[in-house]
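Values below: every heavy atom of this structure, side chains too, minus hydrogens, waters and symmetry copies. Below, read A as the first sequence line, B as the second, and so on, with proteins coming before strands; counting in each chain starts at 1.
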Amino acid sequence: MSTLSHPRTGHANTDRGLRLRRTRQTWGHPWLYLPLTGVLLLMIAPFLWMLSGAFKPEADIRQVPPVLIPTHPTLANFRELFGSLDFTSMFANSVIVALSVTAGNLIFCSMLGYALAKLEFRGRRGVFMLVMATLMVPGLVTFVPLYVLVANMNLTGSLLGLILPFLATPFGVFLMRQFISSLPDELIDAARVDGCSELAIFWKIILPLTKPALATLGIITFLGSWNNFLWPLVVAQNESQYTLPVGLALASSGQDFTRYGILLAGSVVVLLPVTIVFLLFQRHFVAGIATTGLK
Amino acid sequence: MPTSTLPGQGGTRDESASVGHQPAAGRPRLSLGRSAQGRQARAAWTLAAPFLALFLAFMLLPVVWSLLMSLTDTQSADLRTPLNVSFTGFDNYVRLFQDEQFVHALRNTAVFVVVGLPLTLAAGLAAAVALDRGIRRFRAVFRVGFYLPVITSIVAIAVVWKTLLEPRTGLVNTVLGWFGIDGPAWLADTRFALPVMILMAVWRNLGTVMIIMLAGLQSVPQSLMEAAELDGAGAWQRFWQVTFPLLRPALLLTAVTTGIGYLQFFDEPFVMTQGGPLDSTLSATMYAYQQFGNGNYDVASAAGYVIFVLIVALTVLQFRILRDKD
């Protein structure tokens with residue numbers, strides 16, 4: 001027993017090279033698993049509670065002592081949610097807004113990102129500095145005039161008012177420029193020698209190579225838009241424009257707050273799509289942040 | 001200009017010889033270069049135009065407009081004719097700092113940043129190091145679990161926390177009750193509301209720091225670590241002498257972005273407490289939002305600019321402290 005556990009932790013082995021190779025296949029520091037599992041439980045506890053509560057009848061949620069696995073599982077919360085709050089249209093609104101905003105950012109940010117990374121033109125440095133400077137501007141500085149602007153364009157009554165201001169964001173330009181800068185110049189020069197037009201170079205050569213960065217930007221933008229709360233709360237004038245977070249927040253601040261089950265079911269509906277998107281594209285996400293964030 | 005030579009042209013062994021043989025070769029190439037640059041510039045502006053148009057309308061214009069608003073008295077003016085206002089200089093700013101509520105909100109924001117930011121960075125870094133060096137199995141499970149709160153909607157999460165922190169029926173106080181502890185009213189208690197929100201922010205954001213730090217840790221060359229180990233450096237020494245300096249860029253990035261986010265602390269108090277109880281969770285952004293809601297667009301804009309100045313100051317400070325020393 002003890003002779004086996006030593007090479008596993010690596011303490012008994014004097015050959016360091018061998019030790020490194022061996023520990024990689026084993027557990028590392030076994031004593032770390034306990035605290036890490038404790039922290040992991042803290043991190044996911046609210047999600048477990050939410051999932052569990054969403055499928056419980058109201059009385060069971062307040063049951064003492066609390067039970068994690070519902071004893072009388074029910075879909076009543078979800079049925080009532082979609083019936084009373086018009087969650088279906090909110091869900092559709094969230095999808096439309098998030099997809100439009102994501103598409104806009106992918107297109108416009110990669111276009112400018114390429115120009116800033118690889119093309120020579122007067123004003124390049126100026127444009128870059130200007131766009132980057134606005135990265136630090138807090139949302140609230142632009143918020144008030146933006147609201148006046150959108151109101152003056154008569155867009156407060158439509159989903160367009162939720163989409164337009166977020167179609168092109170400085171962060172996207174930063175991310176795309178960083179990534180495209182790392183692509184070799186020779187590729188572009190060779191295409192030029194072959195007579196490829198400048199725009200064709202972008203479309204046929206750069207864009208396909210930029211897929212990992214586009215995936216990262218796409219996920220970040222989608223999540224950001226899906227979770228965006230303040231702007232749709234203020235701009236949406238009637239229930240037909242509400243997005244999911246707005247609907248959920250209004251439901252939770254109303255008199256109905258005592259209805260835990262509905263709120264927890266609503267939270268599940270808000271969180272499920274982004275969780276799935278994240279789990280599916282996790283690898284892209286992490287790789288993208290790794291390559292773009294550290295330069 | 002850098003790399004204006006085409007491939008194949010820069011590699012000529014004897015440049016002077018080729019120029020000597022064809023004295024005119026320089027000119028057509030130069031003019032080709034020029035028209036190529038003209039083409040590049042045209043393409044660049046074509047590619048930039050859609051972004052810049054949106055950027056101008058929905059970013060630059062509002063930024064300038066907001067600055068003007070903060071210097072005017074819009075109380076009485078009609079919003080649809082924003083030019084019909086009177087300039088009042090820095091009156092709004094003076095009024096802001098005379099308003100005890102705003103000063104109180106600034107103090108809350110400062111506490112949020114000064115306590116929350118280091119906690120978030122430390123927790124994220126610790127998690128990254130533990131996952132990278134400490135354990136070998138189930139890394140993906142821990143990584144996804146730690147990162148899960150980052151991708152969630154703050155509204156959904158605030159709703160869940162609100163039910164968990166309910167004084168009488170919430171799970172937190174129920175569990176505390178098993179140990180004979182009479183839990184406080186958390187969000188309804190002026191002593192606990194802000195600390196609870198700081199902890200929630202740490203809980204929610206440590207995953208971001210962790211992911212970026214993990215990427216940074218993976219870029220630390222294994223050979224460097226082995227060399228340090230052979231030189232007799234202990235684990236602690238290896239971390240501070242080898243790993244940590246290489247993590248600086250990652251630390252700077254996360255410190256700046258998290259700092260900017262924390263200075264604009266808004267969603268949690270909005271959903272959970274509305275800034276209460278007794279303004280104990282009122283943030284500067286929350287204050288500005290309330291002013292906006294009351295129609296005081298000028299004061300709200302001024303508050304926005306105060307936050308902007310704080311963000312710039314914090315970012316500059318972080319660059320000073322954390323920038324690479326080379």
Output, in order, the C-alpha distance, side-chain angles, deciding distance and verdict of side-chain contact (heavy atoms from CB on, under 4.5 Å) for B:Q40 and A:R192.
-> CA-CA 11 Å; B:Q40 273 192 39; A:R192 276 185 196 136; 3.2 Å; yes
Need one label for [X]: side chain, backbone, both or neither, based on atoms under 4.5 Å from any heavy atom in chain A.
X: B:L214; result: neither
X: B:L171; result: side chain
X: B:I157; result: side chain
X: B:V256; result: neither
X: B:Y289; result: both
X: B:R133; result: backbone
X: B:L206; result: side chain
X: B:F292; result: side chain
X: B:T315; result: side chain
X: B:L54; result: side chain

Under 6.0 Å between ring centres, would you say that holds for [X] and [Y]?
X: A:F108; Y: B:F55; result: no
X: B:Y297; Y: A:Y147; result: no
X: A:F278; Y: B:Y147; result: yes

Side chain from CB out, backbone as N, CA, C, O: work out which of these in [X] comes under 4.5 Å of a heavy atom of chain B, or both, or neither.
X: A:P170; answer: both
X: A:S197; answer: neither
X: A:L233; answer: side chain
X: A:V173; answer: side chain
X: A:V234; answer: side chain
X: A:V131; answer: both
X: A:R124; answer: neither
X: A:L130; answer: both
X: A:V137; answer: both
X: A:L271; answer: side chain

If we define contacts as heavy-atom pairs under 4.5 Å, which of [options] has the most with chain A?
options: B:A57, B:G170, B:A130, B:P62; answer: B:P62
options: B:L60, B:T152, B:I260; answer: B:T152
options: B:A127, B:G145, B:G207; answer: B:G145
options: B:P149, B:A140, B:A48, B:A302; answer: B:P149
options: B:V63, B:V150, B:L67, B:L148; answer: B:L148

In the structure I gave you, are the side-chain heavy atoms of [X] and [Y] within less than 4.5 Å of one another anywhere?
X: A:P145; Y: B:L61; value: no
X: A:C109; Y: B:F51; value: yes
X: B:F146; Y: A:L36; value: yes
X: A:E198; Y: B:L47; value: no
X: A:L146; Y: B:M59; value: no
X: A:W49; Y: B:W161; value: no
X: A:V270; Y: B:V155; value: no
X: A:V144; Y: B:S66; value: no

Quick one: [atom1] on [X] to [atom2] on [Y], what's the gap to the nearest 0.5 Å?
X: B:Q264; Y: A:L230; atom1: CD; atom2: CG; result: 10.0 Å
X: B:W45; Y: A:R122; atom1: CH2; atom2: CZ; result: 10.0 Å
X: B:F308; Y: A:T134; atom1: CZ; atom2: OG1; result: 8.5 Å

In sequence, state the C-alpha distance, the side-chain angles, and the governing distance for B:K162 and A:L263, and then conclude on side-chain contact (heavy atoms from CB on, under 4.5 Å).
-> CA-CA 10 Å; B:K162 217 165 139 185; A:L263 293 176; over 6 Å; no
Could you pull out the closest heavy-atom pair between B:A44 and A:F121, with the gap in Å?
-> CB-CD2, 3.3 Å
Taking all non-hydrogen atoms of both residues, which atom of B:V160 and which atom of A:M50 are closest, and how far apart?
-> CG2-SD, 3.7 Å
Heavy-atom pairs under 4.5 Å with chain B: which of [options] has the most?
options: A:F143, A:F166, A:W226; answer: A:F143
options: A:G113, A:G53, A:P165; answer: A:P165
options: A:P138, A:G104, A:S267; answer: A:P138
options: A:L32, A:L40, A:I201, A:I107; answer: A:L40
options: A:G266, A:G123, A:P46, A:A115; answer: A:P46

Take B:W65 and A:T142 through the test side-chain contact (heavy atoms from CB on, under 4.5 Å) and record every step on the way to the result.
-> CA-CA 8 Å; B:W65 192 343; A:T142 53; over 6 Å; no
Please check if atom CZ in B:F138 has more than 12 non-hydrogen atoms from other residues, nucleotides or ligands closer than 6.0 Å.
-> no
Flag, side chain of A:N227 to backbone of B:I151, donor-acceptor distance under 3.5 Å = yes
Check the angle between the aromatic planes of A:F47 and B:W203 and answer parallel, tilted or perpendicular using the 30° and 60° thresholds.
-> parallel
